[in-house]
Amino acid sequence: MRQVEHLLRATAKAEGRHFWFRGFRAFVAPLIKQAIGNRHKPRILDCGCGTAANVEMLSRSGLAFGFDLSAVGLRIGREAGRSRLARASVTAAPFPSAAFDLLTSFDVLYSLEEPDEHAAVAEMFRMARPGGYVLINVAAMKMLSGDHSVLGREVRRYTRSELERLIVGAGFAIVRLTYTNFILVGPLAVVRLAQRWRGLVTEDRAEREISVPARPLNALLTGLLLLEGLYIRYFDSPFGSSLVCLARKPAPPASTDT
């Protein structure tokens, strides 16, 4: 338990400054805006919120809630002043059906075994209002498995077609699906190939994967990802270390009765 808490606190510390998290926010921000539109006080639910840093981000766009199975992560979130949090599993969320305008799942699904993976997406479909959206981010490209996979307890890394089948199979219609972090693929491929050749580290030694790099390097990588974020607004990427998907729950056809 102490190791889990230490790891979650390290993550919470990195979330504000680490180049990856800054890039992630640049990638999802326009998709959140697209999903919310001009809706007044939309209801948003982050499924598997961890320390609830993303609940804080989502609160700028609407009335945001979050839940996670980790009591430690939720405690860290509450210590940071984040509210509207609950402890629950993504496979059995304690929220009513058709209650949310946007549901998010950020780097959760890849850590679930297949039955739980499908159950989690089915729960998001249940909780989305007709015409509502789901926004999902997952790890991509199996060739990029490495020490970070130990840290994130990865079960899989997705291809575009695998994620599309999962989301469409649950009943959603894809609005946008693209790889992200393509700028990082080259150096990541080299580093993680070396890690696999050496042998992956144990979980207690994987924390350095989320340590913030030296300021000049962190600033450079942040700038590159922000530029990629501008590109991703208009174009899909054919590869990248992550996949982001915005999908919509179909609304019933309008009645033609007179």
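- Between Tyr231 and Phe182, the distance from one ring center to the other falls under 6.0 angstrom.
- Side chain of Arg25 to main chain of Trp20: no donor-acceptor pair is present (N/O by atom type, distance under 3.5 Å, no hydrogens or angles).
- Contact between Gly240 and Val185 at its shortest, heavy atoms only, is CA-CG2, 3.5 Å.
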Evaluate the salt bridge (charged side-chain N to carboxylate O under 4.0 Å, His left out) criterion for residues Asp236 and Arg176: first the C-alpha distance (whole Å), next the side-chain angles of each, then the deciding distance (0.1 Å), finally the verdict.
-> CA-CA 9 Å; Asp236 290 344; Arg176 184 81 191 279; 2.6 Å; yes
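- Shown are Arg43, Arg39, Arg248; of these, the salt bridge (charged side-chain N to carboxylate O under 4.0 Å, His left out) with Asp101 is made only by Arg39.
- Phe65 contributes atom CZ, which lies 9.0 Å from atom OG of Ser83 (distance to the nearest 0.5 angstrom).
- Partner of Thr51 under the side chain to side chain donor-acceptor pair (under 3.5 Å) criterion, out of Glu15, Lys13, Glu79: Glu15 alone.
- For an aromatic pair to be called close, the ring centres must be under 6.0 Å apart, and Tyr110 with Tyr158 fails this.
- Arg87 contributes no side-chain N or O that, together with a main-chain N or O of Asp68, makes up a donor-acceptor pair within less than 3.5 Å.
- Remark: the Asp46 side chain and the Asn54 side chain contain no N/O donor-acceptor pair separated by less than 3.5 Å.
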Start with the C-alpha distance between Leu225 and Phe21, add both sets of side-chain angles, then the distance that settles side chain to side chain contact (heavy atoms under 4.5 Å, CB included), and finish with yes or no.
-> CA-CA 10 Å; Leu225 289 177; Phe21 292 102; over 6 Å; no
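- Within the 3.5 Å criterion, the main-chain N or O of Gly146 finds no donor-acceptor partner in the side chain of Arg192.
- Looking at Ser97 and Arg126, their side chains do bring a donor and an acceptor atom within 3.5 Å of each other.
- Under the 4.5 Å side-chain heavy-atom criterion for ILVMFWY residues, no single connected hydrophobic cluster contains both Met57 and Val55.
- A donor-acceptor contact shorter than 3.5 Å is absent between the side chain of Arg156 and the backbone of Ser111.
- The backbone N or O of Gly132 lies less than 3.5 Å from no partner atom in the side chain of Lys249, so there is not a single donor-acceptor pair.
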